[in-house]
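Below, chains carry the letters A, B, ... as their sequence lines are ordered, and counting in each starts from 1. Computation of the quantities below employed the complete heavy-atom set of this structure, encompassing side-chain atoms and omitting hydrogens, waters and symmetry-equivalent molecules.
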Amino acid sequence: MDVERNLMKIAADLLAHYDVHARRLPWRAPPGVNAADPYRVWLSEVMLQQTTVAAVGPYFAKFTERWPTVEALAAAEDADVMAAWAGLGYYARARNLLACARAVANDHGGVFPDTEGGLRSLPGVGAYTAAAVAAIAFGRRAVVVDANVERVVARLFAIDTPLPAARPAIRVAANGITPDARAGDFAQAMMDLGATICTPRNPACGICPLRSDCAALLTADPAAFPVKAAKKAKPHRLGHSWWIERPDGRVWLVRRPAKGLLGGMRALPSSDWSAAPDATPPLAADWTSLAEPVAHVFTHFSLALTVHVAHVAEDSMPPEEGEWWPLAQIGEAGLPTLFRRAADAAMKERDVHVH
DNA sequence: TAACCGTGGAT
DNA sequence: TATCCAAGGTT
């Protein structure tokens, strides 16, 4: 069979399947509506970077209700956006989200660029997101390659070069099956397929709309694609955080530096995180340490965080910059998950002593 | 280029 | 319990 014709068949088969089985997602235009809102497409794509659909759902609802347009988001306070993002992870995304919204509002008249190149120049918009927004929101033909597409394409063509070295070949193959029309639907169909059928483990090849086109299905183990390089072991690190509570029911919170881990987020005052962290408290007080450290796993290391608790006088003021945050509103402080769990542990320990 | 950057669910 | 993994971008 003619090779080009066979490649066209892949897109046709996939789009026919998508027309029946597309997932209904809040950021997708309803069936029959062609134009998705670029703001919502962009917002969803940024939230979905390395993040599951299930995790994004409530955050997308919260953001679009509070900031319905890019102009509204551009006018938001930094602290409000960072707090609203708390718990979703990869906080550089939130910082870039605001920078991008302000760039669109201030430099582009509140209208998103409608080309891949224009989108690519925005903060936090890389090759994938630019292609996805251009295709989904603006109907451009763009080659959209995320981890789902990498997996589906590696299997379709049985590409056995290990990632990341296989990326150029995967991109070429993805370009070869991307249709001129409905490139946005095609991209979303590929991602739906990767998320629901062509899954990393135990793919449902028996119900796959592309099973007649798949080279990996002819091998002993289709799930072996894509081949990946071995991962490095995560080092274990230690750390200390200090819970400083006043008799009026407030706790001392600081803000972490703008860049780096948990950058720009509210936090408990903390040591460095290393093999031998500096355990010197930020102020002299009668400290008690929680027996059980908070265990937390980051992308490239795991952490055992010892939480120290002190009750200090009303006029006490720690040396570094920060704010006395009311305990009754601790949920609105926007603490990232590590510190939310440390706060939970400290408050639970306090309740044990009170009762 | 490869390291850095979160979190939670699935297995 | 340990490991893998997710609609990646930045430096």
Side-chain angles (χ1 to χ4, degrees), chain A residues 22-23 25-28 36 40-60 82 85-97 99-100 119-137 142-152 163-165 167 174 184-196 198-203 223 226 228-237 256-265 267 273 294-303 334-341:
Chain A
R23 289 182 292 174
L25 299 172
W27 43 87
R28 283 185 179 170
R40 293 166 65 90
V41 172
W42 161 75
L43 178 62
S44 70
E45 290 300 342
V46 173
M47 287 184 166
L48 286 161
Q49 289 166 7
Q50 298 288 287
T51 308
T52 58
V53 167
V56 165
Y59 286 86
F60 183 81
M82 298 310 288
W85 197 277
L88 198 54
Y90 283 141
Y91 298 100
R93 293 185 297 171
R95 303 192 298 269
N96 287 329
L97 189 83
C100 181
L119 289 160
R120 181 68 182 79
S121 69
L122 296 168
V125 177
Y128 162 77
T129 303
V133 174
I136 297 169
V143 182
V144 181
V145 183
D146 75 326
N148 289 299
V149 175
E150 282 185 348
R151 183 171 58 256
V152 172
L163 287 171
R167 294 234 160 87
D185 284 346
F186 177 76
Q188 295 179 89
M190 289 285 280
M191 294 188 279
D192 275 16
L193 188 73
T196 62
C198 195
T199 50
R201 283 174 286 196
N202 303 316
K228 295 192 174 182
K231 297 191 174 178
K232 294 169 57 177
K234 290 183 202 289
H236 297 275
R237 294 183 184 172
R256 293 178 61 80
K259 294 183 178 181
L261 193 67
L262 309 178
M265 300 300 288
W273 299 334
V294 174
H296 194 75
V297 180
F298 290 105
T299 306
H300 58 292
F301 68 93
S302 60
L303 177 69
L335 293 175
T337 298
L338 168 68
F339 292 116
R340 180 180 57 73
R341 294 174 58 197

Legend entry - A:Trp42 vs A:Leu119 side-chain heavy atoms within contact, under 4.5 Å: no

Inset, instruction - For A:Thr52 and for A:Asn202, locate the closest nucleotide of DNA chain B by heavy-atom distance; then report the residue assigned to the nucleotide nearer the 5' terminus. - result: A:Thr52

Legend entry - Stepwise side-chain contact (heavy atoms from CB on, under 4.5 Å) test for A:Glu45 and A:Tyr128: CA-CA 9 Å; A:Glu45 290 300 342; A:Tyr128 162 77; 2.7 Å; yes

Inset, instruction - Can you tell me the distance, in whole Å, between the CE atom of A:Met47 and the P atom of B:dT7? - result: 15 Å

Legend entry - Side chain A:Thr299 and base B:dG6 donor-acceptor under 3.5 Å: yes

Inset, instruction - Test side-chain contact (heavy atoms from CB on, under 4.5 Å) on A:Leu25 and A:Phe60 and set out the steps. - result: CA-CA 11 Å; A:Leu25 299 172; A:Phe60 183 81; over 6 Å; no

Legend entry - Given C:dA7, B:dG6, C:dA6, the nucleotide with the shortest approach to the side chain of A:Tyr91: B:dG6

Legend entry - Separation of the C1' atoms in C:dA7 and B:dA3, to the nearest angstrom: 22 Å

Inset, instruction - Answer yes or no: does a side-chain N or O of A:Lys234 lie under 4.0 Å from OP1 or OP2 of C:dT3? - result: no

Inset, instruction - Indicate whether OP1 or OP2 belonging to C:dG9 is found under 4.0 Å from a side-chain N or O atom of A:Thr129. - result: yes

Inset, instruction - Would you check if A:Val144 and A:Met190 make a side-chain contact, meaning some heavy-atom pair closer than 4.5 Å? - result: no

Legend entry - Separation of C:dG8 P from A:Tyr128 OH (nearest whole Å): 6 Å

Inset, instruction - State, yes or no, whether a side-chain contact exists between A:Val294 and A:Leu338 at a heavy-atom distance under 4.5 Å. - result: yes

Legend entry - Side-chain N,O (A:Tyr90) to OP1/OP2 (C:dA6) below 4.0 Å: no

Legend entry - Along DNA chain C (nearest heavy atom to each residue), the more 5'-positioned of A:Leu25 and A:Asn96: A:Leu25

Inset, instruction - Give one of base, sugar-phosphate or nothing for A:Pro336, where a contact means two heavy atoms less than 4.0 Å apart. - result: sugar-phosphate

Legend entry - Separation of atom CG in A:Asn148 from atom P in C:dC5, rounded to whole Å: 13 Å

Inset, instruction - Please work out if A:Trp27 contacts a base, only the sugar-phosphate, or nothing of the nucleic acid, heavy-atom cut-off 4.0 Å. - result: base

Inset, instruction - Using only side-chain N and O atoms of A:Arg120, determine if any of them is under 4.0 Å from OP1 or OP2 of C:dT10. - result: yes

Legend entry - Length of the line joining A:Phe298:CZ and B:dG8:P, which is rounded to integer Å: 11 Å

Legend entry - Nearest-Å distance for atom pair NZ/P, residues A:Lys231 and C:dA2: 17 Å

Legend entry - Side chain of A:Arg23 - closest among B:dT7, B:dA3, C:dA7: C:dA7

Inset, instruction - Respond yes when some side-chain nitrogen or oxygen of A:Gln50 is under 4.0 Å from OP1 or OP2 of C:dA6, and no when none is. - result: no

Inset, instruction - Would you indicate what A:Leu262 reaches in the nucleic acid, counting non-hydrogen atoms under 4.0 angstrom: base, sugar-phosphate, or nothing? - result: sugar-phosphate

Inset, instruction - Please measure how far the P atom in C:dG9 lies from the corresponding atom in B:dG8, and state the result in whole Å. - result: 22 Å

Inset, instruction - Could you tell me whether A:Ala187 contacts a base, only the sugar-phosphate backbone, or nothing, with contacts defined as non-hydrogen atoms closer than 4.0 Å? - result: nothing

Inset, instruction - Can you tell me, in whole Å, how much space there is between the C1' of C:dG8 and that of B:dT1? - result: 16 Å

Inset, instruction - Please determine if a side-chain N or O atom of A:His296 lies less than 4.0 Å away from the OP1 or OP2 oxygen of B:dG6. - result: no

Inset, instruction - Please state whether the base of C:dA6 and the side chain of A:Arg93 form at least one donor-acceptor pair under 3.5 Å? - result: no

Inset, instruction - Would you mind reading off the distance between A:Arg40 atom CZ and C:dA7 atom P, rounded to a whole angstrom? - result: 20 Å

Legend entry - A:Arg340, nearest nucleotide to its side chain (from B:dG6, B:dG8, C:dG8): B:dG8

Inset, instruction - Please tell me which of A:Lys259 and A:Ala147 maps to the more 5' nucleotide of DNA chain C, matching each residue to the nucleotide holding its nearest heavy atom. - result: A:Ala147

Legend entry - Length of the line joining A:Asp192:CG and C:dA7:C1', which is rounded to integer Å: 10 Å

Inset, instruction - Give a yes/no on whether any side-chain N or O of A:Thr337 is located under 4.0 angstrom from OP1 or OP2 of B:dG8. - result: yes

Inset, instruction - Looking at every strand, decide which applies to A:Val56 at a 4.0 Å heavy-atom threshold: base, sugar-phosphate, or nothing. - result: nothing

Inset, instruction - Name the residue closer to the 5' end of DNA chain B, choosing between A:Pro164 and A:Arg201 according to the nucleotide with the nearest heavy atom. - result: A:Pro164

Inset, instruction - Determine yes or no for a side-chain-to-main-chain donor-acceptor pair under 3.5 angstrom, with A:Tyr91 supplying the side chain and A:Gly260 the backbone. - result: no

Legend entry - Donor-acceptor contact below 3.5 Å, side chain A:Arg95 vs main chain A:Gly124: no

Inset, instruction - Return no unless some side-chain N or O of A:His300 is found under 4.0 Å from OP1 or OP2 of B:dC5. - result: yes

Legend entry - C:dG9 OP1/OP2 closer than 4.0 Å to side-chain N/O of A:Arg95: no

Inset, instruction - Kindly give the heavy-atom pair with the smallest separation between A:Leu122 and A:Cys100, and that separation in Å. - result: CB-SG, 3.7 Å

Legend entry - Whole-Å distance separating the CG atom of A:Leu163 from the P atom of C:dC5: 10 Å

Inset, instruction - Identify whether any heavy atom of A:Gly194 sits under 4.0 Å from a base atom; if not, whether one sits that close to sugar-phosphate; answer base, sugar-phosphate or nothing. - result: nothing

